[in-house]
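Per chain, numbering begins at 1; letters A, B, ... match sequence-line order. All values derive from a computational prediction rather than experimental measurement.
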Protein chains: 2
Amino acid sequence: MKPTDIPTRERIVTAASKLFYSAGIRAVSVDAVAEKAGLTKRTLYYHFASKDELIAAYLDGRDQPNLALFQRWFAEAEGGPAEKVAAIFTNLARAARQPKWKGCGFLRTAAELADMPGHPAIKTGIAHKKRVEGWLRDVLAEAGAASPEVLARQIVLLLDGAFAVVLLNRDASYMETAGAAASTLVKAALSAR
Amino acid sequence: MKPTDIPTRERIVTAASKLFYSAGIRAVSVDAVAEKAGLTKRTLYYHFASKDELIAAYLDGRDQPNLALFQRWFAEAEGGPAEKVAAIFTNLARAARQPKWKGCGFLRTAAELADMPGHPAIKTGIAHKKRVEGWLRDVLAEAGAASPEVLARQIVLLLDGAFAVVLLNRDASYMETAGAAASTLVKAALSAR
DNA sequence: TTGGAAACACTCACTAGTCGGTATACATAG
DNA sequence: CTATGTATACCGACTAGTGAGTGTTTCCAA
């Protein structure tokens, strides 16, 4: 493999990511991933021991970029913390109007693997949500909100609720309603001290 | 079939319901449903044209009982509307601590069938959530809350967020956090007029 | 020439759905 | 009161295809 090439492993994860996100874990075969990556299944199994490992790699690859996006939207928004939090929802609403959008990959995977609580992919999902929640807690504490732990959890609940409801109804306006609710809760927590 | 027997069709739906809810749609084969119902796949296909039809029947059977449960919890709770709404979450938290609990069947099915927006099962899910939202809107309007439409949507968002988050983390305390947030929003809407 | 990376060809279990046929019940015609 | 017809409910055995995962071989760069 020449250094200019995209490493095979990375190509597999990219292909898996697209397919798993768009159709779901169980609906996508390992053969399909291999074909999308432009190689044979046997080569895929040279790089990954099992489909489960591939699923975990798919979600691992989404953790950091997802969080970074939230942080960018928050940082770039005008106004106070309530407006900055609302901006995350506004940006998500815009993303959700794209036809390729299919909700939150972490939550959808957790829903699909609900009968395997110890699955590595679920652990990755938990870690991701914890990182989002922890980051929110920190910025809200810094902004002077009362009980930032509770507030961060409530915002995460609204976020994940919006993911689920918008996916079901295919109506991105729910994302904005969730943003308004989050905004209300942030304002209440700011005036409570 | 004697009148004392449970009708075959009903037995099939009951079996499908248990299996689909516990393991997910795609993880459960038609053979497995037939075996659980105590009959052959051929007989199952005598009563249902396809697996998709069976999936739809599974969710149809959950619509009415689920809503009735919410309504009972609301009606039996002490206190004002904020407390009654919170009671729904408290009762859900209790249910979520049971090991068999696997989140909301409608949302999990929607997540699994995210690439089939027109699927009958998804339509059933949309209708179910609309009924919950509509009922909440009516009782909140009657209680004198400001903008009951928005409030009902926000509560549904918290409900579905809690379903998703509790399922991921296997930590039912998120359900109570969501209840507290819903309570806060209801109180704000009651004092806003 | 050696060892990592890729491929071909395969196994075997399982999956949605189907073909043909059977047991029973209840008609109506002779 | 028998004989035939018809509809319901059921099942064993099958198909054609797909699923995850593997044994073995070939290629190629260092």
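The CZ atom of B:Arg97 sits 11.0 Å away from atom CG of B:Leu92, with the distance rounded to the nearest 0.5 Å. Once rounded to the nearest 0.5 Å, the distance linking CG of A:Asp60 with OG1 of A:Thr124 reads 4.5 Å. Atom CD of B:Gln64 is separated from atom CZ of B:Arg62 by 13.0 Å, given to the nearest 0.5 angstrom.
What separates CD1 of B:Ile12 from C1' of D:dC11 is a distance of 13 Å, to the nearest Å. Put simply, CD on A:Glu10 is 15 Å from P on C:dA5, counting in whole angstrom units. Remark: P of D:dA7 and OH of B:Tyr46 are 11 Å apart, rounded to the nearest angstrom. Between the CZ atom of A:Arg11 and the P atom of C:dA5 there is a distance of 13 Å, rounded to whole Å. Between the CD atom of A:Glu53 and the P atom of D:dG21 there is a distance of 10 Å, rounded to whole Å. Atom CG in B:Leu44 sits roughly 12 Å away from atom P in C:dT18 (whole-Å rounding).
With C:dG17, D:dA9, D:dG21 as the candidates, the nucleotide lying closest to the side chain of B:Lys41 is C:dG17. In the set D:dC11, D:dA9, C:dA16, the nucleotide with an atom closest to the side chain of B:Tyr45 is C:dA16. For A:Arg42, the side-chain atoms get nearest to D:dT24 when compared with the rest of D:dT24, D:dT8, C:dG17.
Checking the phosphate oxygens (OP1, OP2) of D:dC10, a side-chain nitrogen or oxygen of B:His47 falls inside 4.0 Å. A sub-4.0 Å separation between OP1 or OP2 of D:dA9 and a side-chain N or O of B:Thr8 is absent. Taking only side-chain nitrogens and oxygens, A:Thr43 never comes nearer than 4.0 Å to OP1 or OP2 of C:dA6.
Here the side chain of A:Glu76 pairs no donor or acceptor atom with the backbone of A:Trp73 at under 3.5 angstrom.
Sequence neighbours left out, the pairs with a member in residues 132-147 of chain B that pass salt bridge (charged side-chain N to carboxylate O under 4.0 Å, His left out) are B:Glu133-B:Arg153. Pairs engaging residues 158-172 of chain B under the side-chain hydrogen bond (donor to acceptor under 3.5 Å, both in side chains) rule: B:Lys129-B:Asp160, B:Asp171-B:Ser173 [sequence neighbours left out]. Residue pairs that meet the side-chain hydrogen bond (donor to acceptor under 3.5 Å, both in side chains) test with at least one member in residues 108-122 of chain B, sequence neighbours left out, are B:Asp52-B:His119.
Under 3.5 Å, the side chain of B:Lys51 and the base of C:dG17 form no donor-acceptor pair of N or O atoms.
Partners of A:Thr184 under the side chain to side chain contact (heavy atoms under 4.5 Å, CB included) rule, at least two apart in sequence or in another chain, are B:Leu185.
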Which atoms of nucleotides 25-27 of chain D (N or O only) lie under 3.5 Å from a protein N or O atom, and what are those distances?
none

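Of the N and O atoms on the side chains of A:Thr14 and A:Ser17, not one donor lies less than 3.5 Å from an acceptor on the other residue.
Contacts between residues 18-38 of chain A and DNA chain C, defined by a heavy-atom separation under 4.0 Å, are absent.
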